[in-house]
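Here's the structure we're looking at; comments come further down.
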Amino acid sequence: MATIKEVARLAGVSVSTVSRVINESGYVEKKTKQKVLSVMRDLRFTPSSVARGLVSGKTSTIGLLIPDVSNPFFAEVARGSEDAAIEAGFTVFLCNTDWKLEREEMYLQVLKNKSVEGIVFLGNRSDESTLLKSVGDIPCVFVDRRLSKQRNYIWVDHEYGARLATEKLISIGCKRIVHISGPENSNSAKLRERGFTKTVKEHGLDNWQVVQGDFSFAGGYDAAKILLSGDNPPDGVFAGNDMMAFGFIRAANELGIRIPDEVSIIGYDDIEMAKCVSPALTTIRQPAYQMGRTAFLSLKDFASSDVVEFQPELILRNSTKA
Ligand code: RIB
């Protein structure tokens with residue numbers, strides 16, 4: 001594949017002249033410009049945005065690191081960032097990290113090599129100092145995690161969100177309440193668990209428990225099969241996200257357990273599908289699309305410090321008793 005250097009050599013000009021022609025910036029004599037364009041045509045040279053940025057230092061690209069695009073919550077965040085990026089003339093490299101540290105590290109390296117101008121980072125790596133070290137000095141906005149010394153992050157108060165869900169279950173008379181948590185290495189999962197635990201304790205409930213989940217449909221399904229076939233089945237469940245709530249509903253249906261008559265369930269995220277399942281899912285809403293948009297916009301300004309906090313909201317549907 002032809003390179004910008006080859007174009008420069010064959011046109012008998014410097015790389016920066018070729019770059020000026022590509023970027024249509026700065027003065028280039030008409031004759032020289034025509035020569036460069038004709039060499040580019042002969043070599044079938046299409047400048048990538050990265051090549052364009054070699055001299056200008058700008059690639060108009062950003063990296064978007066998310067754990068898993070097959071989870072609609074992350075897909076919505078990604079969509080929000082991408083739409084805002086396109087509007088601003090940027091393009092996006094989408095990277096799925098699969099909640100794995102090695103993949104995060106690998107992608108951060110790749111994005112640096114591609115000279116992205118910034119990164120929107122969604123991950124739940126608990127160790128803040130290694131995370132900041134890996135990101136280095138590329139402008140980065142963190143979504144769904146709060147950092148102690150950090151500059152840019154977009155945040156939802158998950159402890160409060162968990163409180164809203166738990167108080168709802170208590171208010172409708174649930175006495176045996178279970179929280180299915182997210183993965184152990186997840187920052188937001190920890191905060192939701194803390195919000196749940198604090199609330200049940202404050203209300204003096206003694207029949208409650210937390211079971212380990214993983215934010216997946218299968219995780220919610222497996223937890224439900226165990227909980228609902230046990231001696232002390234819950235009458236109220238707060239799932240750490242909607243995908244696990246969907247798994248729970250499927251298992252309850254298979255076991256012939258009626259929702260919400262026998263057990264009420266509340267999810268977290270309010271992804272589009274929450275309205276479509278049966279019964280429609282009561283959940284805690286976080287504005288995924290808006291979070292993604294805001295992330296790109298604060299990244300674009302490259303402000304050294306910018307924190308945006310959204311409030312979670314209880315969305316009542318039919319999976320909880322009236
Ligand atoms: O559904 C995925 C979950 O993981 C979301 O609730 C989000 O907050 C993340 O941490």
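One-based numbering, in listed order, for ligands and for the atoms of each.
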Do Tyr160 and Trp155 have their ring centres less than 6.0 Å from each other? no
Taking NZ in Lys33 as the centre, count heavy atoms belonging to other residues, nucleotides or ligands within less than 6.0 Å. Is the count above 12?
no
*Measuring from the heavy atoms of Arg192, does anything fall under 4.0 Å of ligand 1?*
yes
Ligand 1 to Phe74, heavy atom cutoff 4.0 Å, flagged ligand atoms 2 (C), 4 (O), 9 (C)
Heavy-atom neighbours of Gln212 CD exceed 12 at 6.0 Å: yes
If we number the atoms of ligand 1 from 1 as shown, the ones under 4.0 Å from a heavy atom of Asn71 are 1 (O), 2 (C)
If you compare Ile66, Val143, Leu191, Asp144 by their heavy atoms, the one closest to atom 7 (C) of ligand 1 turns out to be Asp144
>> Taking atom CZ as the centre, does Arg250 end up with more than 12 heavy-atom neighbours from other residues, nucleotides or ligands that are less than 6.0 angstrom away?
In response: no
Legend entry - Thr166 and Thr199 side chains, donor-acceptor separation under 3.5 Å: no
With heavy atoms and a 4.0 Å threshold, my read on which part of Gln286 contacts ligand 1 is side chain
Taking only non-hydrogen atoms of Asn241 and a 4.0 Å limit, the atoms of ligand 1 in range are 1 (O), 2 (C)
Applied to residues 81-91, the salt bridge (Lys or Arg N to Asp or Glu O under 4.0 Å) test, sequence neighbours excluded, yields Arg79-Asp83, Glu87-Arg293
In this structure, CD1 of Ile180 is separated from OH of Tyr221 (nearest 0.5 Å) by 13.5 Å
Checklist entry - Can you find an N or O of Ser188 that's nearer than 3.5 Å to an N or O of ligand 1? => result yes
A student checking ligand 1 against Asp269 at a 4.0 Å heavy-atom cut-off should list atoms 1 (O), 2 (C), 5 (C), 6 (O)
If we number the atoms of ligand 1 from 1 as shown, the ones under 4.0 Å from a heavy atom of Phe215 are 3 (C), 4 (O), 10 (O)
